[in-house]
Number of protein chains: 2
Amino acid sequence: MNIQEVARRAAVSTATVSRTINGSDKVAPKTAERVRQAIKELNFYPNTNARALGSGRSRLYGLIISDITNPFFPELVRSFEEIAVEAGQEIIVANTGYDPKRTEMCVRRMLERKVDGVAIMTSEMSDPMAERLGQNRLPMVFLDTGVAGLATSNILLDYSRGVDAAVSHLTGLGHERIGFISGPRAFESTRMRSDAFLRALRQQGIAIRDEHLQEGNNHIDGGSLAMERLLQLEERPTAVLASNDLMAIGAVGAIHGRGLAVPRDFSVVGFDDIEISASIYPALTTIRLSRREIASCAFRALYAASHDRKMEGREYRIAPELIVRGSTAPPRLDCKRR
Amino acid sequence: MNIQEVARRAAVSTATVSRTINGSDKVAPKTAERVRQAIKELNFYPNTNARALGSGRSRLYGLIISDITNPFFPELVRSFEEIAVEAGQEIIVANTGYDPKRTEMCVRRMLERKVDGVAIMTSEMSDPMAERLGQNRLPMVFLDTGVAGLATSNILLDYSRGVDAAVSHLTGLGHERIGFISGPRAFESTRMRSDAFLRALRQQGIAIRDEHLQEGNNHIDGGSLAMERLLQLEERPTAVLASNDLMAIGAVGAIHGRGLAVPRDFSVVGFDDIEISASIYPALTTIRLSRREIASCAFRALYAASHDRKMEGREYRIAPELIVRGSTAPPRLDCKRR
DNA sequence: GTGATTCAGGATAACGTTTTCTTGCGGATG
DNA sequence: CATCCGCAAGAAAACGTTATCCTGAATCAC
């Protein structure tokens, strides 16, 4: 079943069938109708590979993430797919598994598939790799890394906005000792979030104590461990900001495991607003990083660049937003006094 | 950059280059080496679309799931991708969003992309749709639904095995009143899990009380609500089995919200063993449904069928396994007595 | 009425591979 | 020495579209 059979049945040339399928205005309404009829009768659907080969456009966007198992990503993937399908494109996602070697393979696969653009939502992309990509004049969009340039755009997360709001919220409640659980120091994203936190404290005139800064591993267990360390301190913080929700959940678990309660004894604030955060008990106060918004920016960037390849990329800025829920409250008085 | 340039540089024909790339044994070692050299020098990578068009094989498997946001799926997707990439294939995943109309579109997209096979891990697939797929002689594998046939296989989950183990575990601890939180009655998977539970109770000689069977929505909040209802009962169960982990987590939240504790006052058992279950507090005892195993079966089924299209599909059986963690313990004595 | 101008639609050459025939050629066989 | 065989490698025909030219008819201006 191919375009020729359709052409024969509709008594037109294959060119006309192709034009009809692609919605060209160079075909008379009644002819188009005849073609559509034939397509329906034969239950024809075009071969994407041939289309891509003929036109040079694959109608495919690549999405590179580190690990779909990280709860930050599923919503991003879903949003991106939804938007793409809406626009008649498809997506192909690849997990790098935080491994540069696999990242290289992912990129290669994208190139081989002749994607129309690729969204790189992970920081394992080394500069030489990014450059190699750039040489292919492939529309790209990075999250929080790289620089905009020819056909490559950039989504910047304004961490400070979110962290400032969170810290204000806590000081507003009366907290004066605020702890921070960071991700692994090696990660770029860790540095950005930590910096934003330190800046916020300084701005609010709160003293920074080194022992209140604990390193986690971006997972629940690391959050628990980091919280345990904070709990053993002589001068414990009364509130804790974790640099992602998973660690915040771990911190809550550690607190409860000690027979203490959130938010009675400690306030906890997360980061990301993964889906589960809204429904656990207590519901997590957190800094939302809208995955839908990220996906939308990424798509717009790729779409624009893939339709005009000599276009300069631009920068998109996304402001996180504080979502206040049940895990924050004023500190206990006896703590406050101490 | 195409195969011709490589051919010219290596002073061979395009056919030989193609053969070399595909590892044919019809090319002399030293010629192959020369070709590989040329490929490396030119930094050549083949065009997948042309390959697919020429050979009729896309090296692409489709994976249809309901919603990547459902924590059951990410691990399945990752495993499937890993296995596929290992074998030189790629995957393209589509979310149906539990919507039959979108499911139809997903199927169509798979057909257009000329996938070598499709794994349908969702139950929104209506029979006529499945039939339309079957007519294309496309290798398929279903999870828990449909029947094996020409080129279509089937993965069956042996719910009873897992549920029996869980119920035995609970009765072994001394529980005599066991509640059950099911998914929405409309779902096929709900029926299967519920039936397995009722069978297990009957087998263990435990009375079944209708009010101990509560319907949830497969999400955390539904689990909480269902648990609330169980807590208001005059004769509360002392243990609860939820038909997925999310609802079990919700149940734990509801129990804690009432000032009670798990497993001191209630034992809770989940189903699926999603990643988070191991690290929350208390860690969830649950019936593991290995996504890795499912992915592996699905891949094997597709791989076999796509390499020999006139092969009859087979049935794969997967036995869930009880993972005992911290959310189960003997019932409180005062409860037991009552 | 003549030439210019649209415009629908046909012919056909790409697109970059794979694959099926062929074709030499060197060596084994009788 | 003639013949056959095996085997590496080349020529060229698919594969199913899209896109670039063309063509011929109809419309229009003058």
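Just so we're on the same page: letters track the sequence lines, and every chain starts at 1. Remember, predicted model here, so these are calculated numbers, not experimental data.
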* To do: Scan nucleotides 15-23 of chain D nucleotide by nucleotide, 5' to 3', and note B when protein non-hydrogen atoms come under 4.0 Å of the base, S if they reach only the sugar-phosphate, - if neither.
  => BBBBBB---
* Round to the nearest Å and state the distance from B:Arg8 atom CZ to D:dG10 atom P. => 14 Å
* To do: Please report, rounded to the nearest Å, how far the C1' atom of C:dC21 is from the NZ atom of B:Lys26.
  => 14 Å
* Any donor-acceptor pair under 3.5 Å from B:Thr103 side chain to B:Asp99 backbone -> yes
* Asked: Shortest non-hydrogen contact from A:Ser13 to A:Ala7?
  -> C-CB, 3.8 Å
* Verify, without hydrogens or angle tests, whether A:Thr48 (side chain) and B:Glu112 (backbone) share a donor-acceptor contact under 3.5 angstrom. => yes
* Thinking salt bridges, do B:Glu81 and A:Arg109 make one under a 4.0 Å N-O criterion? -> yes
* Asked: Do B:Arg300 and B:Ser296 have a side chain donor and acceptor closer than 3.5 Å?
  -> yes
* For B:Thr31, which contact category applies under a 4.0 Å heavy-atom criterion: base, sugar-phosphate, or nothing? -> sugar-phosphate
* Asked: Rounded to the Å, how far apart are B:Glu5 CD and C:dC15 P?
  -> 11 Å
* To do: Select base, sugar-phosphate, or nothing to describe what A:Ala7 touches, counting heavy atoms under 4.0 Å on all strands.
  => nothing
* Is the B:Phe80 ring parallel, tilted or perpendicular to the B:Phe299 ring (thresholds 30°, 60°)? -> perpendicular
* Structure fact -> Separation of D:dC7 atom C1' from B:Asp25 atom CG, nearest Å, is 11 Å
